[in-house]
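For reference, the structure is listed below as structure tokens.
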Amino acid sequence: MKDASQVKWGMVIDLQKCVGCSTCTVSCKAENRTPPGVTYNVVTEVEVGVFPHVTRLHQPRPCMQCDNPPCAQVCPVKATYKLDNGIVAIDADRCIGCRYCMVSCPYGARYFDFGQDYQAEMVGYNELTTPEYGVNRGTRQKDKAPIGTVRKCHFCFHRLQRGEEPACVETCPSDARYFGNLADPDSTVSKLAASTRAMVLKEELGTHPRVIYLK
Amino acid sequence: MADQPKRQESSRLSRRRFRKGVVIADGAVVLGPTLGWPEVPDLATLWQDDLRGEEHNWGDYDATKVIYTLCEQCNSYCSLKAVVREKPAGRKAPYTSLVAKLAGNPYSPLNMQPFGQIPYHTSAARAALPSGDVASRGRGMRGGRTCLKGQAGIQTAYDAMRLRRPLKRVGPRGSGQWQSISWEQAIQEIVEGSPDLSTPGLKAAWAYVEEEKVMADWKKVQAGEMRQEEFDRKYREVLIDTRHPDLGPRANQIVALGGDRAGFYQERFWPRSMGSLNAFNHGGICGVSSVVGNVHSFSAPTPKKRMFADLLGAEFVIVWGTDPLIANRGPTWLAPMLTNALARGMKLAVVDPRLSKVAEKAHLWVPIQPGSDAALALGMARWIIENGRYDERYLRNPGQKAAKQDGEPTLSDATHLVKVDDKNRPKLKAADLGLGSDQQFVVLSNGVLVPHDIASDGQLEVDAVVNGIHVKSVFTLFKERVMGKTLQQYAEICRIDAQQIVDLAREFTSHGKKAAITSYRGPAMHGNGYYNVRAINCLNHLIGNYDWKGGSMTGGAAFRPTRGRYDLEGVPGGLKPWGIPITREKQMYEKTSLFKRDGYPAKRPWYPYSGNLIQEVLPSAAEGYPYPIKALLVHRHSLTLSIPAGWLQEELLKDPKVVPLLVVSDVIMSETAACADYVLPDLTYLERWGFEPIFPNFPLKESHFMQPVTRVYPEPRAVEDVFIELGKRLGLPGVGNHAFADGSPLHRAEDFYLKLVANIAYDGQPVPDAGEEELKIFAEARRKALGETFDLKAWQQAVKPEEWRKVVYVLNRGGRFEAQGNEYEGEYLKYRLAAQVNFYDEGVAKGKHSFSGQFFDGLPQVAPAAYYDGKTVESDYPLALINWKARHLGTHRDISSAWLREIQQENLLWMHPDDARPRGLKTGDRVKIKSPSHEVEGMVLVTQGIKPGVVGSCYNYGHTAYGSRPYTVDGKPTASVPAYGQVDRVAQSENSGYAGRRDAGFALNHLQLVDPAVKKSCVNDPIGGSASQFDARVEVVKA
């Protein structure tokens, strides 16, 4: 692997290929074992046209990992910060749960962890947590982070560190998601990002998302 | 954004660390010098920091925490990788380990489209590590694709609502009152009977006698050489009915219905040990008319059951009444193949009354009226024939020889001659003319009659009298059939524009061999399903696309699982089941003693061409036709939710007169289990063995299987182990000691499945031996995953010592997989049909309907769905009702996954605005959906994505059990699933957030047709045998 400091992670999502199956949504739930009400990766659906000339458009929406992240700017305690590799990180130990960042995020990518769980329906749910941002927090417990903090997609940072693509990229049945180093012009994602079909969401806000869509 | 300046590390304190210090000290950003304009901060780095925290943990794992298995969240059976986390020492919990994550198996090509799997020889240790390059290529190659159902499989295994102990009912069936009992008591009472429940035991109900012996005596009775009374005395205790010995032995009155593990119960235990004909899988309500319609369109040594297209090579594909992005075994490989085919320019047409997922991607969407598939296919065929767009060179090849000369792997029966004046309408055989055998068809070649396998060319259109026999060629018959209606008439039946038929036919015939149709349930699950499927097959026939790259695919190549080292279906001293199945399937009514007694009409329909008609089991038992049953053992199947008009099935399940003993094995209290006398807790797919072949829609050879990955609760037992125990108590062959031909025993499921793995390992060129490292990884992984439930010695003893290392090699990879690059040989697919394709079905042409005694049709025809008495299905209700598999719930069983219920909280009834407006309905309205026999309540979605006049929904909701509601065990109510969050549901919103209740939505199958001409029955296709699932009509009103 190249020098980690040179990697700028980015994701490309091909909307022509996306079939709107929501595998990314559930893969993310399973990978990050997020609680009820916290869904890092939703897929929106819009019906377009009139019968029989009709189709549906699907848009998966992870955290955009903006290079100019509004969420970080409003955080009063600097709990949200930007990593060198492009990922917008949350320091759950610093987060005070004020949720300003949720209001400021133009993409609705942030969720508050109210402390709900699946334990009553799923044996062992609380016992296994995913080490987000490199922190192993052990058993999910009341009054312990990340409960009471804001959470979001982190490009499966832990998986990247292990040499794996994010879970949503690994599983995507329509081969619509691509991942890699946007700092390397020869990488698959860089080539796709150079496509004339490339676009970002709400470009006019100047957030500089690291998630690029292909129209 | 990609070229930010590299950060300077000149001082000991990095710039960012310094800045962070400033920020924290002041609580605000210090913007710089106070003179003039403030310095504009560098936004790109302003919020940056190094990863916080001291020691970082990424949750990594190695091969000792990985087990490869098979998914069973739906019936696609994708290969799977499970990563387990061992239970910390001292933790009090019922499970042996936690499954941390599921992904596709990177060894399996099924999970790794389009980039390909890791090489099969990759060591187990290496395979568990990343071998790709995420930064440059985007893949770590450590796991493969799954779908969302597969991802949620953890919740099936760790479901807190699962059954833990055997239960015995208290009070009447379905009362929801249970007592927990030991396994010993459960087995004892199932075998010996229960005086308090008044259920019979299997021991008293079971009896077997050889067919040859009975029939020899029966012949004597017929000839007057033996008195009926003597025959009665001799066989009264062993035959179902001594007046109708052809019904078979009493063993047939012990019936099994299963949802999986068919290789064990349906191919081995029920026939060979139990000696009963009556073991069924879900075929009759799945897609059996599609299977029958396909099989009857070919003369292939291995029946061709499925219609698939080579998505990797095709230029044009018609997806007809199925959705490869969601189902059809399975989306994990079909979806990436399809999206990448579209990306390279493949054209796609979709025939479906609603805008399915695949229809969203289609270049041409053809929303036909449900059940009008044959009209569309024959309309296309008419245009193709009228315009000479068929492959004449292909169709003129009468036999293998001629086909081979043309480089065609297959040939058709288009030129074969049919005796049209013969009431059975058979094909003319060479023997009829003294030209050869009765296996040779006859064609007209250059004006001369020639056996088909000798002729190098045949005349396509023939209508002649030869040797006094009026014959027509199959092509002429087919042409006459398709010309029977105008394009306009076909279009009216389909309720589409005639131009769409032309567009579809033109496109289909514009790509040579690189066009194909793939189809499954849509056209098949109708009262006229067989004819629909036959008609569609004939379109592929017309262009002769079989075995060509980009054409029709007949894959399914596998490393043989049941033969080789061990004959798993062979039982020393095993029984030979005989008689008439309770469903009267695969039987010619006219050859039975019941026909002699009753003639036409038969009391209930007979199905000479079909099998697995699970929907007919209980209604037949209720009527005692052809005989009553004594015991029903059901596993992983729920009749009440899956079978059309399931409320009827529930009524019958609850009646001890219909089912004197009802035993259900399941992982949870299902709706069917709720009616049982005994409920036995089964293991989930992540805890046990299993085997399922894949559908023949993949161009490479592969075999994979299910193996234990964890054990969540200690008490449940795999249903195989229950059957083995029952077999031992009943003294049946094929279980216990000397159960296999080599003398080895069958005590537990693994004795069977490890032999299956050995067969796979040794097929063809055997796999290498596992080395020491792999043996160690194998054992350590299982010790971590399975804890004390793993007994290495017992596993080793299931196979021969010299086989063990090869077995481990295959177990460590979850199967055996052919390398990519072997899909094609030149312009042909590697695995081929290489057989005769038939426009004309001789077998069906000579069969008769058991009500009217009228002949069926050997050609596809446009026929409306009909009740048993032949009356057309008609209804005063205006809206045609269709259904489909939800993308997020493969079966109704997936309701136990909260993550999947979050995708959609309940099923919605899709309705076109033209139908919604006059009813005053808008999206989100609660509605009553009424059929002539049933009514349910649901919510409506008004959408442009469905044909006007048609409504429909997915069928996966509407539970009344399955953990949704408590029941009572030992006087205490069980837990049921809690409500989640502050639910704010928005119809069809993908973002509703919280999971709904397990009993949300409506059970669509309850609305299906009931046949007024047969007692307690849904409507069935008389030839294909499928239960009608798309012929019902409903009215919808505001609730």
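Naming: A, B, ... by sequence-line order, numbering from 1 per chain. Hydrogens, waters and symmetry mates are skipped; everything else that's a heavy atom, side chains included, is used.
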Check your understanding: Which value, rounded to the nearest 0.5 Å, describes the distance between A:Thr25 atom OG1 and B:Gln151 atom CD?
Key ->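 Reported to 0.5 Å precision, the distance equals 11.0 Å.
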Check your understanding: Out of curiosity, B:Leu98 CG to A:Met122 CE, how far, rounded to the nearest 0.5 Å?
Key ->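 Result: 8.5 Å between the selected atoms.
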Select one option (side chain, backbone, both, neither) describing which atoms of [X] are under 4.5 Å from chain B's heavy atoms.
| X | result |
| --- | --- |
| A:Asn32 | neither |
| A:Ala79 | backbone |
| A:Cys18 | backbone |
| A:Ala89 | neither |
| A:Gln16 | backbone |
| A:Arg177 | neither |

Please classify the contact of [X] with chain A as side chain, backbone, both or neither, using a heavy-atom distance under 4.5 Å.
| X | answer |
| --- | --- |
| B:Lys87 | neither |
| B:Trp365 | side chain |
| B:Ala100 | both |

Exercise for review: Using the six-membered ring wherever Trp is involved, compare the ring planes of A:Tyr118 and B:Tyr980 and label them parallel, tilted or perpendicular (cut-offs 30° and 60°).
Suggested key: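 Taking B:Tyr980 first and then A:Tyr118, their aromatic rings sit tilted (interplane angle of 30° to 60°).
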Check whether [X] reaches the backbone of [Y] with its side chain - one donor and one acceptor, N or O, closer than 3.5 Å.
| X | Y | value |
| --- | --- | --- |
| A:Ser174 | B:Ala335 | no |
| A:Ser187 | B:Ser136 | no |
| B:Arg887 | A:Cys21 | yes |

Exercise for review: Give me the one residue out of B:Val358, B:Ile326, B:Leu325, B:Leu338 that meets side-chain contact (heavy atoms from CB on, under 4.5 Å) with A:Val19.
Suggested key: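 Only one of B:Val358, B:Ile326, B:Leu325, B:Leu338 forms a side-chain contact (heavy atoms from CB on, under 4.5 Å) with A:Val19, namely B:Leu325.
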Review point. Do B:Thr943 and A:Glu47 meet the criterion of a side-chain donor-acceptor pair at a distance under 3.5 Å?
Key: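 A donor-acceptor contact under 3.5 Å links the two side chains.
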Exercise for review: May I ask you to test the B:Cys147-A:Thr23 pair for a side-chain heavy-atom distance under 4.5 Å?
Suggested key: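 Of all side-chain heavy-atom pairs linking A:Thr23 with B:Cys147, at least one is under 4.5 Å.
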Point to revise | Residue from B:Arg139, B:Arg142, B:Arg137 passing side chain to side chain donor-acceptor pair (under 3.5 Å) with A:Glu165 | key: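 The passing option is B:Arg139.
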